[in-house]
Amino acid sequence: MKKIVTIMVALAVLTAGFAFASGQQEAEVMKLSMGGSTTCEPIIRSAIEAYADVDPNAELSYEGTGSSVGVQSALDGVYDLGGASRDLKSKESSAGAVATPIALDGIAVVANNSVGIDNISLEDLAKIYSGEIKNWSEVGGADVAIVVINRDEASGTRAAFGELVVEKALGKGTEYLKEAITVESNGDMVTKVGSTPDSIGFCGLGYVDKAISGGAKALLVEGAEPTVDNILTGAYKISRKLNIVSKGEPAGNAKVFIDYLLSDAGQSIVEDEGFIALP
Amino acid sequence: MTETTKKQMQVEKRIRRRNLNERSVEGVLLVCASISVISVLFISFFIFQRGLPLFKIISPAKFLFGTDWAPTRDPNPGYGVLPFIAGSLYVTLGSLVLAVPLGIFTAVFMAEIADKRIVDLMRGVVQLLAGIPSVIYGFFGVIVVSKFIRNTFGGNGFSMLSGSIILAIMVLPTIINITEVTLTSLPKGIKEGSLALGATRWQTIVKVQIPAAKSGIIAGVVLGMGRALGETMAVLMVAGNAPIMPKGPLSMVRTLTMNIVTDMGYASGDHLTALFTTSIVLFLFILILNLSVNLIKGKEEDQG
Amino acid sequence: MSTTMTEKNSTGASVDELIKSEQRKANVHFKKSNRANAIATGLLWGCAGLTLLILVYILGFILYRGFVSSNILESEYIDRGTIETSIGLYPGSSVVIANKDLRLKSIDYEDLSALLKGKPSNWGNVNEQDLKVHAYVLKSAKGDFGKKTTFLESSEEIAEAVAKQDGAFGVIPVKDAGILKDYKVNTISVEALSIGVNPTVFKIENNIKLRYIDRKMLERILKGKVTNWQEVGGIDLPLRLILPPTGSYEYHAFLDIAGVTGDKIPESAIESRTATDYYERINGYPGAIGLSLRTEGDKYGAAFLKYQYRKTKKNIALWFLFEEPKRAGKVGGVSSIIINTVYMVLLTVLFSTPIGIGAAVYLTEYARQGTLVKILRLGTETLAGIPSIIFGLFGFIVFVGYCHMGVGLLAGTLTLTLMILPTIVRTSEEAIKSVPRAVRAGSLALGAGKWQTIRKVVIPAAAPGILTGVILAIGRAVGETAALMFTMGFDYKRVKNLTSSARVLSTHLYQLVKEGISFDRAFATATILIVIVLIVNVLSTKLVKRKY
């Protein structure tokens, strides 16, 4: 019993100790609280770490909470800056949100290694995701059913894919096939495509390596491989901008950090993280 | 005053102080015990406060019995959660069907048959597994279980059955642990009495020990059921997560929890409210289950 | 019945016979029940065995993946490095050396030339080590170099600089390799061999295009067993194997990979006398293939086929425990995350154990059966049934929002406390209930007060059970993700105070898997988690055993 009490007391002292240790904070340091898109997260987290070389006292933070939350919180003032892996909606722009592109990202179409084909046209791809094509033989593969894997209803990548592929090829308002395996993250997507025979999915360019290591391959779209060069030349058609969002034009600390992201150092971080630097 | 009366008074004083002490201790303990109830009340209040406003734009019947979930469709979004209710029910029941017999038998084995070394080993393993994050189970499910289902039963491997199996594995530690603790803490006399009356070991276990441990076992199952119903990450990865009505054990399924966590990070506006409304359904669900189990238990205790 | 018996007896049936028949019946019954017993025991063994098998399998799966990483990689280079390679920096071959602390055994030519160009500036992308890149070459070196590459006079200077500087590597001509034994540096093998093919191989027909070949396909091709690209997943095009000039680097690699000796070279192969011949043929003949040194192939504008192979290596190592995570966990280890986890567990136990035990004591010792107890019990059971995701939402609304704690350690641990409270209450209750009445009666009879009895007698007697509950609860807390997602945050730096956002092992794991950052690291983290739970279990079991 005594021992337990001792342990408890020790714990309490410990807690108090490190609560106190934090009490002192210096004024006049650069502080930014940021959050939003999980796609932007690796870029901004690495940029925060690298920024310590520029200003070791800066207190910068980023929470991966999703694009919509990022934009909304930037407007509400919860975050100084929000990350968004999609373009602003008209509602958001009219509320005063301003998006600054910081990088480009391609969306790669990945398929399990068991899938016989290597190339697919945008139209066929759209038909697979709208449910019109249900068998690989219809696009030149073996006679087996296509296992369609889609992202969740509210994902920015799903929205971008829908706009750039499904709606572009089959007209506005075309809906996704409902009977699709739905995953809520890029990580889950590559795991599933890699482990499920006859499956097809899509993910950010930076995840292609992971997809390959799990047993999948990136399909060519309209004959173009999803590479940085092809995206920059426009040969590979499925790409989007990654934005950082501020309320009104960025100013003060926010502008300092955005400028850092757009500098050579910032853009080389973008490349290191598997995204495409702005041309 | 005589010596004795003085002493008596002292003793009385001490007793009075102790009584006061006792009473304050009782008060503090009561506070401790009521924290659970208070939390439950708070939780329900806040969930309802956030979720109920959805019924301003859609009728409860349409929400509960609708099968169309398309909250980001613009215009006229769909907010039907019947598929998820069905999904949660099926997956949880499936997992209990698999886990309860296995868990109880294993616990009986540990408590009654196995020798100490095996028990120690099993207990260690069981406790380790209780501490593994569900993401890992999910990952395991994707790589091993769904493949197993695909190769044995067909389909694409991401199904109600896969979800049930993973959940069964996840609730096993809870059921085993609590059943075993209850069985071993039964008074020895019960078992010895039964054996002395000529009952076999099996008879003793089935007819005497398990009934005697019933309340503990039910508690274990309820805890397990809670974990199964509320589990998110692992089922999320193996059950397919398609927002459709489940058609059979090999059909893809989305549960209530999966629905909440799938959209939570991104949702805003009515969509977000709809997720809180989904959590109300989940919450009521668990409340009803708990109440009915309590009723059953109460009845049995009355009879006993 | 009894009348017939008496009648039988009276009619002269011997009593002995009767007894025997009864005995027989009893025997049959006994045997039957014995058999039932055996079946039942077998069933129990079976169930327990199955459970153990499942659990051990999962555990084994995680631990195996934690210690061994096995990934499929795609590269334009064959996984066949050599220490002395012609990489064009100096006339003849070169040797690449690196600082001892750099975890690097081999590197491919593309990465090497990129590093010399100064991109990337950090080793993270190459070998997941968070170190700045420092490159050293001789002044006479030819090629494309970045601003940060240092040029030195002699190989000795390079070796010395590399030995001293963290994250340094250098390239020296092979003729100077003899000096290396005097310096503390590692030599790095360079993968510079590619599979050169004629560009026709990459045509797209019927949605099919050759993407890569693996080791087996390559072997079959080099042995002359493949005559059409269709056989290895390509389009319908005859395959022409070009043979490197005898004695060249490519030639030896060819023999080595094909696993043949000089006299067993496939007859179908097209011979070439000089290097120029060789590379011109690869580039000129439709459907041609030949092993190519990258530096040579580039000169003739050859196309290169991707090579896919499985790389198995050691995954978790001691450094993983002691390095700070960097770049969202892609680089570095988990040291700060372990510390955060320890803080979280300590705080959670500190909050929940006293409350939990208190509640259990009240429910078992003080409360009289009645509505109040029913409500309290119902509350505990309901709380136990509430999904962790709802706790997460609640914590987010109340602790983070209304109480202004912000997303951080305190909000997270309070949420966890509520979540694990029922587990502690239930197990403590069972443990306290199982303390024999006599123990209590004894203490009370000796004049101890009720609280005194509980504190000094009942709780210590129930301690092992309570401890089991706490351990169970710690297990649940350590593995919890859903409740922490919205309350504790994901900052992977060491927590500074109670309100700072803190990433713990489980949420780190979740991020690694969810964002697909690294599955190897995810399993390594899971392994650490398991080991922590194991340590807690073993320690507490020992504690219980020693005291009681």
Side-chain angles (χ1 to χ4, degrees), chain B residues 18 21-22 25-26 28-30 32-37 39-40 42-43 46-47 102 105-106 108-109 113 122 124-136 139-140 169 172 177 181-182 185 200-202 216 219 222-223 226 229-230 232-233 257 260-261 279 282-283 286-287 290 294, chain C residues 33 36-37 40-41 44 47-48 50-52 54-56 58-59 61-62 355 358-359 361-363 366 375-376 378-390 393-394 397-398 418 421-422 426 430 434 449-451 471-472 475-476 478-479 481-482 506 509-510 513 526 530 533-534 537:
Chain B
R18 187 198 267 172
N21 241 345
E22 289 284 342
V25 162
E26 194 173 337
V28 171
L29 293 179
L30 177 61
C32 287
S34 23
I35 283 184
S36 301
V37 182
S39 312
V40 171
F42 262 92
I43 290 174
F46 281 109
I47 300 291
L102 207 58
F105 283 143
T106 307
V108 169
F109 174 81
I113 293 182
M122 292 190 78
V125 173
V126 164
Q127 274 173 0
L128 273 187
L129 279 154
I132 293 176
S134 37
V135 186
I136 285 292
F139 205 63
F140 173 81
I169 295 173
L172 261 180
N177 248 319
V181 167
T182 320
S185 60
T200 61
R201 188 151 71 167
W202 177 241
V222 171
L223 272 178
L229 248 182
T232 320
M233 304 305 170
T257 48
I260 299 172
V261 91
S279 69
L282 183 65
F283 189 74
I286 279 165
L287 217 59
N290 274 325
N294 263 290
Chain C
S33 78
N37 222 359
T41 316
L44 288 181
C47 275
L50 182 61
T51 312
L52 196 64
I54 295 171
L55 301 188
V56 167
I58 293 178
L59 220 53
F61 172 82
I62 299 165
I355 300 177
V361 167
Y362 185 82
L363 287 173
Y366 285 88
I375 291 174
L376 291 178
L378 188 65
T380 315
E381 255 153 52
T382 313
L383 200 65
I386 291 178
S388 47
I389 177 86
I390 290 190
L393 296 179
F394 170 74
I397 302 172
V398 176
L418 290 186
L421 195 57
R426 282 238 56 125
E430 294 292 334
S434 69
K450 191 172 187 182
W451 173 236
I471 290 162
L472 205 69
R476 204 173 159 202
V478 163
T481 319
S506 58
L509 184 59
Y510 171 69
V513 171
I530 291 175
V533 177
L534 186 72
N537 283 353

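Throughout, protein chains are lettered first and strands after them, A, B, ... in sequence-line order, and every chain is numbered starting at 1.
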### Heavy-atom pairs under 4.5 Å with chain B, option from C:Val361, C:Ile375, C:Ile386 with the top count
C:Ile386
### Task
For residues C:Ile62 and B:Phe140, determine if any side-chain heavy atom of one lies less than 4.5 Å from a side-chain heavy atom of the other.
no
### Message
When you compare the side chain of C:Leu376 with that of B:Ser34, does any pair of heavy atoms fall below 4.5 Å?
### Response
yes
### Message
I'd like to check C:Tyr366 versus B:Val25 (side-chain heavy atoms, cut-off strictly below 4.5 Å). Are they in contact?
### Response
yes
## Note on the structure
Ranking B:Leu172, B:Ile35, B:Val108 by heavy-atom pairs under 4.5 Å to chain C gives rank one to B:Ile35
### Summary
Scored by heavy-atom pairs under 4.5 Å with chain C, the best of B:Leu29, B:Val126, B:Thr182, B:Asn177 is B:Leu29
### Message
Holding to side-chain hydrogen bond (donor to acceptor under 3.5 Å, both in side chains), I want the full list of residues that pass it with B:Thr106, two or more places apart in sequence or in another chain.
### Response
C:Thr51
### Query
Side chains of B:Thr232 and C:Pro387: does their closest heavy-atom pair fall under 4.5 Å?
no
### Query
Using a cut-off of under 4.5 Å for heavy-atom pairs, which of C:Gly479, C:Ala482, C:Ser506 has the most such pairs with chain B?
C:Gly479
### Message
Please classify the contact of B:Ser185 with chain C as side chain, backbone, both or neither, using a heavy-atom distance under 4.5 Å.
### Response
both
#### Entry: All side-chain contact (heavy atoms from CB on, under 4.5 Å) counterparts of C:Leu50, not counting sequence neighbours
B:Leu102, C:Ile54
### Query
Which atom names give the shortest non-hydrogen contact between C:Ala359 and B:Ala33, and what distance separates them?
CB-CA, 3.4 Å
### Query
Would you say C:Leu393 and B:Ser279 make side-chain contact, with heavy atoms under 4.5 Å?
yes
### Message
I'd like to verify something: which residue of C:Ile390, C:Val513, C:Thr380 has the highest number of heavy-atom pairs under 4.5 Å with chain B?
### Response
C:Ile390
### Query
Between B:Val37 and C:Leu383, is any pair of side-chain heavy atoms under 4.5 Å apart?
no
### Task
Determine, step by step, whether B:Asn21 and C:Trp451 satisfy the side-chain contact (heavy atoms from CB on, under 4.5 Å) criterion, reporting the C-alpha distance in whole Å, the side-chain angles of both residues, the deciding distance to 0.1 Å, and the verdict.
CA-CA 8 Å; B:Asn21 241 345; C:Trp451 173 236; over 6 Å; no
### Contacting moiety of B:Ile47, where chain C heavy atoms sit under 4.5 Å
side chain
#### Entry: Among the listed options C:Leu363, C:Val478, C:Ile530, C:Ile58, the residue most often paired with chain B at heavy-atom distances under 4.5 Å
C:Ile58
### Query
Which atom pair, heavy atoms only, marks the closest approach of C:Ala526 to B:Ile136?
CB-CD1, 3.5 Å
### Message
Just so I understand: if I count every heavy-atom pair under 4.5 Å between each of C:Ile471, C:Leu418, C:Thr481 and chain B, which residue has the most?
### Response
C:Leu418
### Summary
So, the part of B:Ile113 with a heavy atom under 4.5 Å from chain C: the answer is side chain
### Message
Using heavy-atom distances under 4.5 Å, tell me whether B:Met122 contacts chain C through its side chain, its backbone, both, or neither.
### Response
both
### Query
Which answer fits C:Tyr510, side chain, backbone, both or neither, if we ask what part of it has an atom under 4.5 Å from a heavy atom of chain B?
both
### Separation of B:Phe139 CZ from C:Leu509 CG (nearest 0.5 Å)
9.5 Å
